[in-house]
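Atoms within a ligand are numbered from 1 in the order they appear, just like the ligands themselves.
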Amino acid sequence: MRWHHGVISAALGVAVFGSGVSHAIEAQTWRFGLEEIEGSVQYEYGARFAELMEERTDGAVTVQLFPYGQIGGLTDIYDAVQSGAIQLAFGSGFLGGTVPESQLFSLNFILTDDEWTNTQVLNSDEFLKSEDFQGAFRDRDLHPLAVVPEGWQVWGLQEEVRTPEDFSGIAIRTMDNRLLRETYQAYGADPTTMEYGEIYSGLQLGQIEGNIQPVFAHEEMSFYEVQDYLVFANQAQFIATFMGNRDWYDGLSDELKEIVEDVAAELVEYIHEVQVELNEERLDTIKENSDIQIVELTAEEREAFRELSVPVRDTFVDMVGERGERLLDLLLELVEDADS
Ligand code: 6CS
């Protein structure tokens, strides 16, 4: 099912904002690279961002979306935004090779069980605007604008997995970062990396037996058609960073910077509501169109995975160094405060 962003906006009762008209802004087009196809959370974000930017600049700024596949593979998108060939992009699991600290978002069991709380913590000034988070991106020619959780990461599998023993030997595809490979190795699985666009055929051909995605992506990319189980362990959310090219951002007028930052801040709640609705709706579609088994792990079953995930935090610190360690400590502290 493909959603139109206008339908979502209307359904959620999102306010139509008046335009903060400026006559001084030069006409310009910003290219925005998405890691996902039309109808995804990233696409909905991009479409609304484009609408608001156009409104707020009285039509001076046009944002052109490049859904997944149009620029190349995932790392081609990051190369394009680093070089300034495109101005804006999303970066998630594969971004670990470009911004190692971003693998923080691949750690399991570090956030609360409440998605909205996590979204707020990740977009708080204390975290998002911290010198360490900004520096991690800016040192790589990028500028982070928002953190976008897109839903719980759900295991699509051919067999039921409720314990780490059940995972033994299962060839599961992870996004390309060492933290994810270490995590799934700790769970007893056999992790392997594969480009997003190759997962469906990888599953069909038996090169991989499982794959980890938010529900909407299991549906949108048709992965559920070639899997027998969807297992909810609520071990992590899928998290992407919305970012710009650093020099491009630095070169914007103060007025445009403020508009961009305001729009990104407004979209935090908007995209949270969209992702929740999109994931719920897509789960219904999956249930209607298949006899896939839906499994929700109990608190006790989750605990066995949580315990195995904790030592991987040390791997993160060893790999990423002091800045990564400070960011992990900061996030854990903010999560603890928010949870209490
Ligand atoms: O698994 C992946 O590679 C991709 N999954 C999603 C839901 N978004 C982008 C990411 O690259």
Side-chain angles (χ1 to χ4, degrees), residues 1-3 32-47 65-81 86 88-99 102-103 105-106 108 115 119 146-157 171-181 183-184 189 191-203 207-224 226-227 230 232 235-243 271-272 274-283 285-286:
M1 145 119 203
R2 299 281 170 267
W3 283 47
F32 187 170
L34 310 177
E35 298 174 298
E36 295 166 3
I37 61 173
E38 205 171 324
S40 63
V41 172
Q42 292 188 7
Y43 189 89
E44 295 302 333
Y45 188 101
L65 302 182
F66 290 87
Y68 178 66
Q70 288 191 7
I71 291 177
L74 294 161
T75 48
D76 297 318
I77 302 173
Y78 315 143
D79 290 348
V81 68
I86 61 174
L88 296 159
F90 271 112
S92 59
F94 272 67
L95 189 67
T98 307
V99 182
S102 70
Q103 291 173 94
F105 300 146
S106 293
N108 284 195
E115 292 192 276
T119 301
V147 180
V148 181
E150 300 186 21
W152 293 110
Q153 284 282 52
V154 178
W155 300 330
L157 295 162
I172 192 157
R173 179 269 183 182
T174 65
M175 291 184 283
D176 186 17
N177 79 51
R178 192 177 139 201
L179 254 290
L180 284 171
R181 285 191 291 274
T183 302
Y184 282 87
T192 167
T193 292
M194 191 176 275
E195 175 71 33
Y196 193 36
E198 288 166 13
I199 299 174
Y200 186 87
S201 61
L203 286 166
Q207 290 162 332
I208 47 168
E209 298 161 285
N211 127 76
I212 311 149
Q213 299 292 339
V215 171
F216 81 86
H218 280 292
E219 194 274 337
E220 185 170 83
M221 300 293 280
S222 306
F223 302 145
Y224 77 98
V226 278
Q227 304 258 237
L230 280 186
F232 288 74
Q235 78 290 356
Q237 284 168 273
F238 179 92
I239 298 176
T241 304
F242 171 43
M243 56 200 185
I271 202 62
H272 168 73
V274 169
Q275 71 87 352
V276 168
E277 197 155 330
L278 206 53
N279 281 305
E280 279 174 10
E281 165 115 5
R282 298 291 173 86
L283 186 58
T285 309
I286 291 175

Test log, rule side chain to side chain contact (heavy atoms under 4.5 Å, CB included), inputs M221 and I37:
CA-CA 9 Å; M221 300 293 280; I37 61 173; 4.0 Å; yes
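Between the side chains of E36 and Y45, no donor-acceptor pair of N or O atoms lies under 3.5 Å.
R173 places no side-chain N or O within 3.5 Å of a backbone atom of T192 that could act as its donor or acceptor partner. With hydrogens and angles ignored, the 3.5 Å screen pairs a side-chain donor or acceptor of D76 with a backbone N or O of G73. A donor-acceptor pair under 3.5 Å links the side-chain atoms of H218 to the main chain of V154, judged by distance alone. A distance-only check finds no donor-acceptor pair linking the side chain of N211 to the backbone of Y196 [under 3.5 Å]. Remark: side-chain polar atoms of E220 are paired, donor with acceptor, to backbone N or O of S40 under 3.5 angstrom. The backbone N or O of Q237 lies less than 3.5 Å from no partner atom in the side chain of Q153, so there is not a single donor-acceptor pair.
Closest to atom 3 (O) of ligand 1 among all protein heavy atoms lies R173 NH2, 2.8 Å. Atom 8 (N) of ligand 1 has as its closest protein heavy atom E36 OE2, 2.7 Å. For atom 5 (N) of ligand 1, the nearest protein heavy atom (residue, atom name, distance) is Q213 OE1, 3.0 Å.
Residue-ligand proximity, P214 to ligand 1, at heavy-atom distances under 4.0 Å covers atoms 7 (C). Near E35, meaning under 4.0 Å from any of its heavy atoms, are these atoms of ligand 1: 9 (C). Short contacts between ligand 1 and L74, defined as distances under 4.0 Å to a heavy atom of the residue, involve ligand atoms 3 (O), 11 (O). Of all atoms in ligand 1, listed by their number and element, those nearer than 4.0 Å to a heavy atom of A217 are 7 (C).
Counting heavy atoms under 4.0 Å from ligand 1, residue F238 touches it through the side chain alone. The residue N211 has no part lying near ligand 1, judged by heavy-atom distances below 4.0 Å. Of the heavy atoms in M175, only side-chain atoms (C-beta onward) come closer than 4.0 Å to ligand 1. Contacts between S40 and ligand 1 below 4.0 angstrom, taking non-hydrogen atoms only, are absent altogether.
Here the options are S92, S106, S102, the test is side chain to side chain donor-acceptor pair (under 3.5 Å), and the partner is N177; only S106 passes.
Among F216, F223, Y196, the residue whose heavy atom lies closest to atom 2 (C) of ligand 1 is Y196.
G93 does not count as a contact of ligand 1, since none of its heavy atoms falls under 4.0 Å from the ligand.
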